[in-house]
Amino acid sequence: MSFKSALSALVQNTQKLVIARNQFRHLHSTPCLLKVEDRKEMLASMPAKDEGTAGERSVDIDTLIGKKKEKFFPNANTPQQLFNGIPFSELPICNIRVSPNNTIISVTDYKGTTRFIRSCGIEGFKNTRKGTNIAAQATAITIGSKSMEIGWKSVRVQVRGLGPGRMSAIKGLQMSGLNIISITDNTRVTWNPPRARKQRSL
């Protein structure tokens with residue numbers, strides 16, 4: 001066997017190895033890359049983040065109302081105005097107390113006597129899930145259906161506090177079939193807040 005034939009055989013074997021290596025190269029992948037790809041696939045398959053998880057979006061009400069703004073705001077005749085045959089001043093009131101950790105909803109008659117009270121904890125949500133908008137909505141649906149059972153179909157809503165369940169609780173009352181006549185925000189504002197904590201030293 002001559003040197004020339006041995007060299008050509010060696011070149012052919014090398015070319016075969018290179019071709020074989022190129023064919024199977026896509027099978028080799030490091031575990032780190034696999035983890036990254038798996039995570040990307042998992043994130044792509046997850047549903048979109050719910051808009052109320054971090055907090056409800058702010059809506060510019062003035063642009064939604066348009067030019068006829070007068071009829072949306074109370075005036076001197078509002079207490080005597082009839083809604084489904086009941087004066088506004090005698091409509092039952094649904095009080096929603098929202099905090100970052102819980103949502104408490106109570107339904108009272110127009111005199112202020114409490115008929116129903118429900119919270120996210122009573123509804124079965126525990127720990128941090130009590131403060132979510134889903135828990136507030138489920139609680140509102142339950143208390144709304146109870147109000148419908150005793151014949152209260154139109155209610156006034158009063159919301160107090162800040163938290164993720166503000167809009168969701170109102171949405172839940174609407175989903176239960178209640179006719180919401182008015183929404184009032186009774187969130188308390190302190191004009192003399194406590195002094196802030198001193199800056200953390202690092």
Side-chain angles (χ1 to χ4, degrees), residues 50-126 129-191:
D50 187 19
E51 67 176 23
T53 307
E56 301 294 340
R57 285 184 188 153
S58 61
V59 179
D60 188 11
I61 295 172
D62 292 338
T63 56
L64 294 175
I65 291 172
K67 294 179 181 176
K68 300 175 182 177
K69 294 181 184 177
E70 290 80 20
K71 68 173 187 173
F72 289 102
F73 295 102
N75 53 30
N77 300 325
T78 303
Q80 289 80 34
Q81 194 174 349
L82 294 178
F83 293 92
N84 295 335
I86 305 167
F88 180 81
S89 58
E90 294 182 13
L91 285 171
I93 303 163
C94 182
N95 298 294
I96 302 171
R97 171 74 177 91
V98 186
S99 73
N101 299 321
N102 204 352
T103 303
I104 301 166
I105 304 172
S106 63
V107 179
T108 65
D109 58 9
Y110 71 96
K111 293 176 183 173
T113 310
T114 305
R115 296 297 297 270
F116 305 114
I117 188 163
R118 294 291 278 187
S119 72
C120 296
I122 296 170
E123 200 65 26
F125 295 92
K126 299 294 177 193
R129 292 193 65 202
K130 287 192 296 184
T132 59
N133 55 349
I134 296 150
Q137 188 171 323
T139 308
I141 290 169
T142 304
I143 205 162
S145 56
K146 280 190 175 185
S147 301
M148 293 282 283
E149 284 172 13
I150 64 165
W152 287 349
K153 293 181 178 147
S154 300
V155 293
R156 293 184 279 165
V157 175
Q158 293 182 351
V159 185
R160 196 176 102 202
L162 298 170
R166 276 171 69 95
M167 293 300 290
S168 301
I170 297 167
K171 204 184 294 179
L173 290 172
Q174 204 169 15
M175 285 168 69
S176 67
L178 287 176
N179 183 22
I180 297 170
I181 302 300
S182 73
I183 301 170
T184 311
D185 192 353
N186 286 343
T187 305
R188 292 175 180 172
V189 178
T190 174
W191 302 108

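Note that the structure is a prediction, hence the values are computed from the model and not measured.
Checked by atom type and distance alone, the side chain of Thr139 pairs as donor or acceptor with a backbone atom of Ala135 at under 3.5 Å.
Taking CG of Leu178 as the start and OG of Ser145 as the end, the distance is 8.5 Å to the nearest 0.5 Å. Rounded to the nearest 0.5 angstrom, Arg97 CZ and Asn95 CG are separated by 11.5 Å. Residue Thr132 holds its OG1 atom at 6.0 Å from CZ of Phe125, rounded to the nearest 0.5 Å. Atom CZ of residue Arg129 and atom CG of residue Asn102 lie 13.0 Å apart, to the nearest 0.5 angstrom. The distance from atom CE of Met175 to atom NZ of Lys171, rounded to the nearest 0.5 Å, is 8.5 Å. For the atom pair CD of Gln137 and CE of Met167, the computed distance is 11.0 Å after rounding to the nearest 0.5 Å.
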Donor-acceptor contacts, no H, no angles, side chain residues 148-162, under 3.5 Å, sequence neighbours left out:
unit_1, atom_1, unit_2, atom_2, d
Ser154, OG, Asn84, ND2, 2.7
Arg156, NH2, Leu91, O, 3.4
Gln158, OE1, Asn186, ND2, 3.3

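Ile170 is listed as a side-chain neighbour of Ile96, based on a closest heavy-atom distance under 4.5 Å. Considering only heavy atoms from C-beta on, Thr103 stays 4.5 Å or farther from Ser119 through its side chain. Contact check for Lys146 versus Arg118: side-chain heavy atoms found under the 4.5 Å cut-off. Pro92 is not listed as a side-chain neighbour of Tyr110, based on a closest heavy-atom distance of 4.5 Å or more.
In terms of heavy-atom proximity, Leu173 sits nearest to Ser176 at O-OG, 2.7 Å. A pairwise comparison of heavy atoms in Ser99 and Pro164 identifies O-CD, 4.3 Å as the closest pair.
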Show your working on side-chain hydrogen bond (donor to acceptor under 3.5 Å, both in side chains) between Asn75 and Thr78 and close with a plain yes or no. CA-CA 5 Å; Asn75 53 30; Thr78 303; 3.1 Å; yes

With side chain to side chain contact (heavy atoms under 4.5 Å, CB included) as the criterion, how do Thr108 and Ile93 come out once you've worked through the C-alpha distance, each side chain's angles and the decisive distance to 0.1 Å? CA-CA 5 Å; Thr108 65; Ile93 303 163; 3.7 Å; yes

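Contacts classified as salt bridge (charged side-chain N to carboxylate O under 4.0 Å, His left out) and involving residues 173-187 (residues at least two apart or in different chains) are given here: Arg166-Asp185.
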